[in-house]
Amino acid sequence: MSVRFVIAVAEAALVEGVELAAQPDPASAYTLTAGRLWSLVAALLGLAGVVIGGLALARSAGRIGTGTGRRGAIVALAAGLAGLVGGGLVVAAADGGPGTGYGIVGGFVALAVGLIAMALGGLALARSRRTG
């Protein structure tokens, strides 16, 4: 074996190793990665904001109770904003598309649900100001 051959094989192995290390393996569908966890947390925050915003909207109209619509509207706005920001961060940090384990699908869901929660909270807050 010549020295040139050994150097060429070592160089090829090093280049292939670097290329393989640069490409992340796609995660399986059941693996809870960090991106999927953060998108799940953001989506749950947004969902809590939607529920609280819906209840605050119903209470601000005076159908269910009195006095709690404004506080619920503010909580819905805060939870919606947290879901919106969390989903935005997950989407911005994702390096791959759906199925890669970065949580990009959950991030988009968190963005949508957080936006709905903020809209419900804003409507409830406007209605509680008008009726109060």
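The structure displayed is predicted, hence computed values, not measured ones. Below, all heavy atoms of this structure are taken into account, side chains as well, without hydrogens, waters or symmetry copies.
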Taking all non-hydrogen atoms of both residues, which atom of [X] and which atom of [Y] are closest, and how far apart?
{"X": "S39", "Y": "G103", "result": "CB-O, 3.5 Å"}
{"X": "A124", "Y": "A56", "result": "CB-C, 3.8 Å"}
{"X": "L125", "Y": "L77", "result": "CD2-CD1, 3.9 Å"}
{"X": "A117", "Y": "G49", "result": "CB-C, 3.5 Å"}
{"X": "G88", "Y": "L111", "result": "N-CD2, 3.6 Å"}
{"X": "L45", "Y": "A82", "result": "CD1-CB, 3.9 Å"}

Listed partners of [X] passing side-chain contact (heavy atoms from CB on, under 4.5 Å), at least two apart:
{"X": "A48", "answer": "none"}
{"X": "A110", "answer": "A42, A43"}
{"X": "L89", "answer": "V85"}
{"X": "V113", "answer": "L47, V50, V109"}

Check against side chain to side chain contact (heavy atoms under 4.5 Å, CB included), D95 and Y102: CA-CA 7 Å; D95 287 336; Y102 289 106; 3.7 Å; yes
Within one Ile-Leu-Val-Met-Phe-Trp-Tyr cluster: L55 and V75, side-chain cutoff 4.5 Å: no
Path from V90 to L81 over hydrophobic side-chain contacts below 4.5 Å: no
